[in-house]
Structures are given as structure tokens and as C-alpha cells.
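The structure appears right after this line, and notes come after that.
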Amino acid sequence: MINERLAEMIRVALLQAQREERLPTVEIPQIVLERPREKAHGDWATNIAMVLAGKAKMPPRAVAQVIADALGDDKYINKVEIAGPGFINFYLSNEWLYEVLRDIDREGESFGHSTAGRGERVQIEFVSANPVGPMHVGHGRWAAVGDTLANILTARGYDVEREFYINDFGNQMNIFGKSVATRYVQLLGRDVPFPEDGYQGEYIRDIAREISAAEGDAYLDFAESERESLFLERSYKQVLEHLKVTLEKMGVVFDSWFSERELHASSAVDEAIAGLRESGYVYEEGGAVWFKATAFGEEKDRVLIRANGEPTYFAADIAYHKNKLERGFDRLINIWGADHHGYIGRMKAAVQALGYPADKLEIVIGQLVNLMRGGEPVRMSKRTGEMVTLDELLEEVGRDAVRFFFLMRSTDSPLDFDIELAKEQSNENPVYYVQYAHARISSIVRFAEAENIDLSGGIDYRRLETEPELDLIRKLAEWPEVLERAARQRALHPLTAYAQELAAVFHFFYTKCRVVTDDKELSTARMALCDATRTVLRGVLTVLGVAAPERM
RNA sequence: GCGCCCGUAGCUCAGCUGGAUAGAGCAUCGGACUUCUAAUCCGAGGGUCAUAGGUUCGAAUCCUAUCGGGCGUGCCA
């Protein structure tokens, strides 16, 4: 990228200046290039002169002057300027901008992608909702975040796998079976109390109703425990299928579904504990089996097997992570809700106890979604029965807006999602703003083609020379940097921000520059610019999982 | 109590490893369609960056303290 090229030029200039003794021979720090906020300050700027001034015992501007004098000519640099307290500002030539358009034309939607990940195997585990009911809105956020993170890491050259960990073991499953069974019995007229900790949601009744509609009272005289376990299996399957359908509506497809039950069934949990015991990180106390998390700087040790002989969720999770690590991934990324953040330390401790470096496991913590309806908070608990499900949200707001909204905010800040607002605002929605830019370009391209303007006969990019045109190309040129940074920081909201910026710059260009004119050469060049913009816009929308409509 | 995250415009939020005059959207007000999509564009108002110190050429950004908010701190999952 051009900033790397500039940094290298500066480094060469510094070395030369030092050789010529115009600068004292001090160690050269990392050369940082940044985009100035003010357009008047050029395309790129560096503060290197100010950083060096102290060590060199020279005024910053004098250092800057020496560096500027030592810089060689470059066809992509128009002008170098010293400004303010000692910034060196670089103004790029239009030739460089035209080169960007050629890159986009050559690379298509993969413009901005790279091979930086070198095929490293990354597994992202996300959503992992308990299969005891429909997904709530928070799950939708993890789905969007995990899927898009997977998309951008793929674009950066990583070999990414999406996995859903099914928590289909333990107490909440039993309660689930008991809830359905009770509703079934009630439905058939028996006055039995609903379990105090049972799931209140209407969907429990729906499942019970389906069973009774299909098979009547066939299960009425079963022993309670038998009925419950039968209904549990049946309902579990149904809910799992439903999860997949909902995720598909979100545009999320998992490569792998991993069942917690399998761990227990295959004695993987016992083996994991045995392994830790061999390494000396397990002891017994008070009838329970403990993991020595304190050996890794944790505040306290954690129970693996309760005094009643039941393994904890943590024990299963250790076995799960052991399994993942043994599958040969170079890196594991888990996306967890903020309510799990106290869990990170002990999980990383466990990873180390298993003999792996702690940073092999990376946890992306996301704050939760506060669902609102007309300004009133809506409770999200599975037990209230009145929650708004992800399905309903998708139904009301639509997949594109849902995904875009979930990705718009920094993952580690809580998200207020007001359903009424999202519906009312649908025409003012940022997602429509971006999609409209795409549709508008498509319309222009259709019109231009009808006017016999085509790009196959060669394009003279030099005809693009006004500020709205050049600004648009500059914005296109940012995409690789945006993608790189988002992937590195595991942050998605810069992607939606960029999509909006690109759309805005295009809309401005549209009002200033007519594409189809009497000047065929100019029309062709502008058409090429529209085409490049559309290509990049598609690339952005693709990683976001949002549609790029041809018409609106 | 301790740990993590957070406090920026009326509202919702950006602000990258410290940089030049703190930004965007919404909302408010005022303009722009005989011409490729007005779901668009242009302009205006709106800020003690929670508070107080510190670090330095330079702080919304780093450090400390205080105030305020969220989450966690299970032999739950």
C-alpha cells in the first residue's frame, strides 16, 4: 500500500541524511503515516520530524526540512510540504489515483483482499445458543458479528471455520423437557402445576400442541420421567432445526455444529480432567474436584466435578476447547456476551494448563442488546415468555437492516435497538442510504449502456480531474486500509461507517458530475469510475452480509 | 469490597498505536428536481470531550484520584 511505500522512502531519506551528517546518527523510530483530518494537509502526513527533534537536538521544522530535501522523486508524489509544528505532508499525484482504479478493475470485488493471513487456520465459535427455545435478539448480534468477522478474516487470507457449540446437556435441557411435558398434560385437561423454574414462553405450548395434535393423548399415561425425556429429545430436534432456519434468514451458515453431549458421551470430559490431573493442576477438596486456576494468576480455583459427581459446565468447556485445539486450529476466536467476561480468565488458564499458549484462544466480548419497543425496555429473558424473538425482528425489520444495525456499533458497547424506531425510520435507515447508492449506480450504468457507452474500448482516466471525482477515488483507495484495520482489531463498525462514507462521496459526485454527456471520452471515464465504485460497494456489502440491490 | 467496560452535540454514537480548527447520523431550521433514481444533495445552529491533577513540543486519546452508569465476582449454564 502507498503508505508503506512512503514510510520506506522516508526511512531511506533519513539514512541518507545521517550519512551526509545533516542529521545526527540517532536510532530511527517507527515511521508512522496517517491521513490528515484536513484535506488541505495532503493525502498522508508523518510526525517523524517532531519525534526525532528531541533526540537530534534540532527544531522539528529543521528536521523536517532535512528529510524533505533528502526525499527522492516519485511518480506518485506530487508535492511534499512542511507544515505546522513540523509535519511532513505528502500530496499524491492523480496518476496514483488512476492506478487505484486499474487495481479495482483488475481485482473486482476482491479489491482490498490480501493473503496476509497465509492460510492460517482460524476457528470462530459464535451464537452457541442453548437449544431450548427461539433465539433472542442478542443472539442475532453475535450471529452478525461472528459471520462478518469470519468474512473479513477470509478476505485477509485466513482459512476460517464457523462453529456453533450446542449446549445440549445439563439441567436446562431437563427443565425444557419437563416444561413441554407439563404443558402437554395440561393441554389434555389435567390440572398439574407448571414447574417453578420452567420455561414460560408460548413456544413451549406450541410444541406441546403440535404433539397432541399429531398423536393425541398417546403419552398421557406414560411415566412422568419417561414422558419428559421423550419430549425433550423430540423438542430439542425441533428447536435445533428452527435455530438453523433462523440463522439462514440472517444469512449465516455454520461449517460445523458441535454437540456438548458428544463430549460427555465420549468420555472426553473425563479425559480432559485426567490430562490436567497428570499435569498437576487438579486436586480434591470438600468432596469436589478442583482446577488449580490460581497457578495461572487467577483469583480462585474452580470446581470441575461437584460433590454430587456431576461435572460442571466449565469442565465440559475445557474438554471442548481441548478438542478444538487438537483439531489443529492455529487460533480460536470465541464470541461471548458481556455476561461471560468473568469467565475469560479461567478459560485461558485452562488452555495453558492443557499445554497451549494463552493467546491461542482469543475472546471477543460483546455487550448485550437492549431491546426497546417504543422507548420501553423489553425484557429478554427466555423465562418471561413475552420476549421479542430474532425471528420477529427479522420479520419486522428485514435482514439487511438487522445485520447493518447490529454491526454499526462497536461490539463492546451495549446496543439499544428500538424496534418501533427501526421500523419507522426504515426510509432514513443508513442501510438504505448505502443500498440506494448501489441501485443508483446500477441505474446509471444501465442508462449509459443504452447510450452506447462501454468500457471495452479503453479508458482515459486522466479525464477524471475535478475534486468530486478525485475525492471519490480517494475514498475507494481507503477500502484496503479499512478492511485491514477491521480484521486486525476485530472491529466491525468501521466497515459500516466506511460504507456510509463511500455512499456519501458517491452521492455528492453524482450531483456534481453528469456521467452521460456529449463528450464520449469523459463519459467513458466517469462510467468507469461508477463501475469501480459499484464494485467496491459490493465488496463492502458482501462482507457485511447485506444485499446490493440493482433497483430500489 | 475487588475486577472488566463505559462517560464526547438535544438523541444514538465515531474518533486508529497521543498530533494540526473534536466528527457523522438522527432531530431542528433554511435552500435545491425541464437533464443519468430527490430513499438524494447543499447550508445553518448546536461541545467546559464527567471532574481534578499529572506525563510532554502536543492529551478526547496515556497515568492517578474522584463522581456517575453497566457487567462480572456460583459446587448456574
Side-chain angles (χ1 to χ4, degrees), chain A residues 30 32 34-38 40-41 45-47 50-51 53-54 59-60 83-87 89 128 130 132 167 169-173 260 285-290 299-300 302-317 337-345 365 367-368 370 408-410 412-416 418 421 425-437 439-448 450-451 453 481-482 485-486 488-489 491 493-494 496-497 500-501 503-504 506-517 523 526-527 530 551-552:
Chain A
Q30 197 200 347
V32 179
E34 55 183 18
R35 287 181 183 278
R37 220 176 12 235
E38 289 294 322
H41 295 144
T46 181
N47 64 349
M50 276 135 38
V51 176
F87 290 102
N89 296 337
S128 300
N130 296 339
V132 296
N167 295 133
F169 184 88
N171 207 28
Q172 89 275 4
M173 292 300 284
E260 182 182 352
E285 193 183 291
V289 177
W290 295 74
E299 210 171 311
K300 52 209 280 197
R302 299 292 167 177
V303 170
L304 295 170
I305 299 177
R306 290 181 270 256
N308 69 6
E310 290 288 317
T312 60
Y313 176 82
F314 180 50
D317 223 11
D339 53 341
H340 280 65
H341 86 247
Y343 198 72
I344 298 174
I365 277 295
Q367 292 289 334
L368 304 175
N370 299 315
M408 252 170 64
R409 301 281 174 247
S410 160
D412 56 17
S413 77
L415 179 72
D416 282 339
D418 194 309
L421 210 64
Q425 281 191 337
S426 61
N427 282 356
E428 295 296 328
N429 241 318
V431 63
Y432 294 116
Y433 180 80
V434 174
Q435 290 181 317
Y436 182 65
R440 200 176 217 186
I441 296 171
S442 300
S443 171
I444 294 168
V445 169
R446 282 191 298 270
F447 182 83
E451 298 290 315
I453 293 168
E481 298 158 35
V482 171
R485 215 180 80 203
R488 182 165 41 84
Q489 297 181 165
H493 65 280
T496 55
Q500 293 176 80
E501 287 164 20
F506 173 76
H507 285 311
F508 182 72
F509 156 82
Y510 174 83
T511 61
K512 295 291 179 189
C513 304
R514 213 190 138 76
V515 175
V516 179
T517 66
S523 300
R526 285 183 173 168
M527 163 104 153
C530 286
R551 289 186 165 82
M552 281 175 79

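Just so we're clear, the structure is a prediction, and the values are computed from it rather than from any experiment. Labels below follow one simple rule: chain letters A, B, ... track the order of the sequence lines, proteins then strands, and each chain is numbered from 1. These values consider heavy atoms only, across backbone and side chains, with no hydrogens, waters or symmetry-generated copies.
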Hey, is the side chain of A:Y436 poking within less than 4.0 Å of OP1 or OP2 on B:rA39, counting only N and O atoms?
yes

Give one of base, sugar-phosphate or nothing for A:S443, where a contact means two heavy atoms less than 4.0 Å apart.
base

Specify the separation, in whole Å, of atom CE of A:M408 and atom P of B:rA14.
10 Å

Determine whether a donor-acceptor pair (N or O, by modelled atom type, separation under 3.5 Å) exists between the side chain of A:N429 and the backbone of A:V431.
no

In whole Å, what separates the C1' atom of B:rG68 from that of B:rA32?
46 Å

Write down the distance separating the P atoms in B:rC16 and B:rU61, rounded off to the nearest Å.
11 Å

Reckon A:G54 touches a base, only the sugar-phosphate, or nothing at all at heavy-atom distances under 4.0 Å?
nothing

Measure from NZ or CZ of A:R440 to the centre of the six-membered ring of A:F506, then state whether that distance is under 6.0 Å and the direction lies within 45° of the axis.
no

Which label fits A:Y343 and A:F314: parallel for a plane angle under 30°, tilted from 30 to 60°, or perpendicular past 60°?
perpendicular

Taking any heavy-atom pair under 4.0 Å as a contact, classify A:A497: base, sugar-phosphate, or nothing.
nothing

Using whole Å, report how far NZ of A:K512 lies from P of B:rU40.
17 Å

Mark yes or no for whether A:Q435, through its side chain, and A:M552, through its backbone, hold a donor-acceptor pair below 3.5 Å.
no

Counting any heavy atom closer than 4.0 Å, what does A:H507 reach on the DNA or RNA strands: base, sugar-phosphate only, or nothing?
sugar-phosphate

In whole angstroms, how far is the P atom of B:rG25 from the CZ atom of A:F508?
14 Å

Touch class at under 4.0 angstrom, heavy-atom based, for A:A83 against every strand present
base

At under 4.0 Å between heavy atoms, what does A:F506 touch on the DNA or RNA strands: base, sugar-phosphate, or nothing?
nothing

Side chain A:T46, main chain A:V32, donor-acceptor under 3.5 Å
yes

Taking only the side-chain nitrogens and oxygens of A:R35, find out if one of them lies under 4.0 Å from OP1 or OP2 of B:rC16.
no

Answer with base, sugar-phosphate or nothing: what part of the nucleic acid does A:S410 contact at a heavy-atom distance below 4.0 Å?
sugar-phosphate

Phosphate-side-chain proximity, A:Y510 and B:rA38, N/O vs OP1/OP2 below 4.0 Å:
yes

Phosphate contact (B:rA20 OP1 or OP2) by A:R37 side-chain N/O below 4.0 Å:
yes

Give one of base, sugar-phosphate or nothing for A:F314, where a contact means two heavy atoms less than 4.0 Å apart.
nothing

Looking at every strand, decide which applies to A:Q489 at a 4.0 Å heavy-atom threshold: base, sugar-phosphate, or nothing.
sugar-phosphate

Specify the separation, in whole Å, of atom CZ of A:R409 and atom C1' of B:rG15.
14 Å

Classify the nucleic acid contact of A:A338 as base, sugar-phosphate or nothing, counting any heavy atom under 4.0 Å across all strands shown.
sugar-phosphate

What integer number of Å spans the C1' atoms of B:rA9 and B:rC26?
12 Å

To the nearest angstrom, how far is A:H341 atom NE2 from B:rC6 atom C1'?
12 Å

What is the nucleic acid contact for A:R488, judged by heavy atoms within less than 4.0 Å: base, sugar-phosphate only, or nothing?
nothing

Students often get this wrong, so: under 4.0 angstrom with heavy atoms, is A:C530 touching a base, only sugar-phosphate, or nothing?
nothing

Testing B:rG72, B:rA20, B:rC36 for proximity to the side chain of A:R514, the answer is B:rC36

Need one value for A:N47: base, sugar-phosphate or nothing, where a base atom within 4.0 Å counts as base even if backbone is also close, heavy atoms only.
base

Separation between the P atoms of B:rC63 and B:rG23, rounded to whole Å
25 Å

If we take the P atom in both B:rC71 and B:rA52, what is their distance in whole Å?
29 Å

Which part of the nucleic acid, if any, lies within contact of A:A437, taking any heavy atom under 4.0 Å across all strands shown: a base, the sugar-phosphate backbone alone, or nothing?
nothing

Between A:H340 and B:rC4, is there a contact of a side-chain N or O with OP1 or OP2 at under 4.0 Å?
no

What nucleotide, of B:rC36, B:rA77, B:rG72, holds the atom closest to the side chain of A:Y343?
B:rA77

Nearest whole angstrom, please: distance from the P of B:rC76 to the CD of A:Q172.
13 Å

Checking contacts here: which listed nucleotide (B:rA39, B:rA14, B:rU17) is nearest the side-chain heavy atoms of A:M552?
B:rA39

Measuring to OP1 and OP2 of B:rU12, would you say a side-chain N or O of A:S413 lies under 4.0 angstrom away?
no

